[in-house]
Protein chains: 2
Amino acid sequence: MSKGESTKTAILDEATELASLVGLGGLTIGTLAAATKLSKSGLYAHFASKESLQVQVLQHARDRFTDVVMRPTVATPRGEPRVREFFDRWITWQSTGYAGGCIFVDAASEFDDQEGPVRDELVRAERDKLESLTMIVGTAVSEGHFRDDVDPEQFGYELEGIVLAHHHARRLMRDGRAEERARRAFDRLVDDCRPVARSA
Amino acid sequence: MSKGESTKTAILDEATELASLVGLGGLTIGTLAAATKLSKSGLYAHFASKESLQVQVLQHARDRFTDVVMRPTVATPRGEPRVREFFDRWITWQSTGYAGGCIFVDAASEFDDQEGPVRDELVRAERDKLESLTMIVGTAVSEGHFRDDVDPEQFGYELEGIVLAHHHARRLMRDGRAEERARRAFDRLVDDCRPVARSA
DNA sequence: TCAAGAACCGAACGATCGTGCTTTTATGAG
DNA sequence: CTCATAAAAGCACGATCGTTCGGTTCTTGA
């Protein structure tokens, strides 16, 4: 890797961390330059504009999400175990991924009303994730782990809700039982998808 | 109401609307002054600082939430109907309350890592809402609508998840079926709380 | 080793930020 | 209608914003 690429990677690492704390919009060239010990202009030379920097930060975070969540997930046995692995890694990503919490959650509520490349990139990432999740759940259905009438998209919607609630409870409310609550909600969700009628 | 109070109210109305679009942090005195047709200094005279403005915007939104969600909710019959009313009004609040979506959701992910009065106010509002919700659900239990072993706090957590997922799906993904999905999730949540064993 | 080119810096730009003053204008009680 | 007071404007401040450019320092391949 050339010098330029390595510093750019370092910048994006720092930028992602910083953005998770102050938001993609709150991120400024000046503070980022100070954090990376570069001059403003020296840093800026790596990007065409601030907007481009924001988009690249999102892509950078997306690559990491693929590495630490998606790839290990699809390497586990298909069906329910894979669904569970995905959930586990997703929750862990939110807790320990970045200092300021999941950057996609932060950016989503910040840019959901601001048309442009940043929003587009967010939507793309989210659509991708939802698509993967739908397939993973669909497989759990076809494997017989989940009932035939389980709607993978509805499952994805509800799983997203659990993860968002976890993020909210943990980061804003600093609820120590956030993760335990998320697990309980997840178990209930999975339980309602099982083929056999529940104990009654 | 004196002139001063009425303009201040108008400022806060506009500020809340604007903040829902660009975030509490993205809100600036200049743009807000332009939107209210006031001079920067004329507007600023109503507040001690920008931080104070942000806090008062949150309090303003909170008052409105109390009016359009909480008050009608506690006026409906206790138990499950009241739980349902709360959910309905909460969802409606998010869809139609402000142009840029629920300002609390936006501000939560923006300020969850920034210590200070704004964060404190957010936590206070959230704790209040959660407390009310817990009582409403608790009543549904004591009325016999929900099972005895239903955990109201867990219920609140999961309901918050559904609402957050709805916000996410609707605002970022512009999913037209967001509300329908939220209702399905809610029905499942309530269904799992019912005393009688389900059809089996 | 040495030149070509990449990487980085320093300084500056116009704009806008939040925040103080002082002055003008509007309000409303007597 | 008058006049004390409240409300809004005008102007300016230092700081920081994103961005540009010309020059300096470093990397790297031949």
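Below, read A as the first sequence line, B as the second, and so on, with proteins coming before strands; counting in each chain starts at 1. The shown structure was predicted, so the numbers you read here are calculated from the model rather than taken from an experiment. Because only heavy atoms are used, hydrogens play no part in the values below, and waters and symmetry mates are left out as well, while side chains stay in.
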Problem set entry | hbond_proxy A:K40 side chain to D:dG18 base (donor-acceptor, 3.5 Å cutoff) | yes

Problem set entry | Separation between CD of B:Q59 and CG of B:L12, rounded to the nearest 0.5 Å | 9.5 Å

Are any of [X]'s side-chain N or O atoms less than 4.0 Å away from OP1 or OP2 of [N]?
{"X": "B:T7", "N": "D:dA7", "answer": "no"}
{"X": "B:K3", "N": "D:dA7", "answer": "no"}
{"X": "A:S39", "N": "C:dG10", "answer": "no"}
{"X": "B:H46", "N": "D:dA8", "answer": "yes"}

Problem set entry | Toward the 5' end of DNA chain C, by each residue's nearest nucleotide, B:S2 or A:L43 | A:L43

Exercise. Base, sugar-phosphate, or nothing: which does B:S41 touch, judged by heavy atoms less than 4.0 Å apart?
Worked result: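 Touches a base.
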
Within this structure, what is the [atom1]-to-[atom2] distance between [X] and [N], rounded to whole angstrom?
{"X": "B:E5", "N": "D:dA7", "atom1": "CD", "atom2": "C1'", "answer": "13 Å"}
{"X": "A:M1", "N": "C:dA6", "atom1": "CE", "atom2": "P", "answer": "18 Å"}
{"X": "A:L24", "N": "D:dG18", "atom1": "CG", "atom2": "P", "answer": "13 Å"}
{"X": "B:K37", "N": "D:dA7", "atom1": "NZ", "atom2": "C1'", "answer": "19 Å"}

Exercise. With a 4.0 Å cut-off, would you call B:R127 and B:E153 a salt bridge?
Worked result: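 The answer is no: the pair does not qualify as a salt bridge.
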
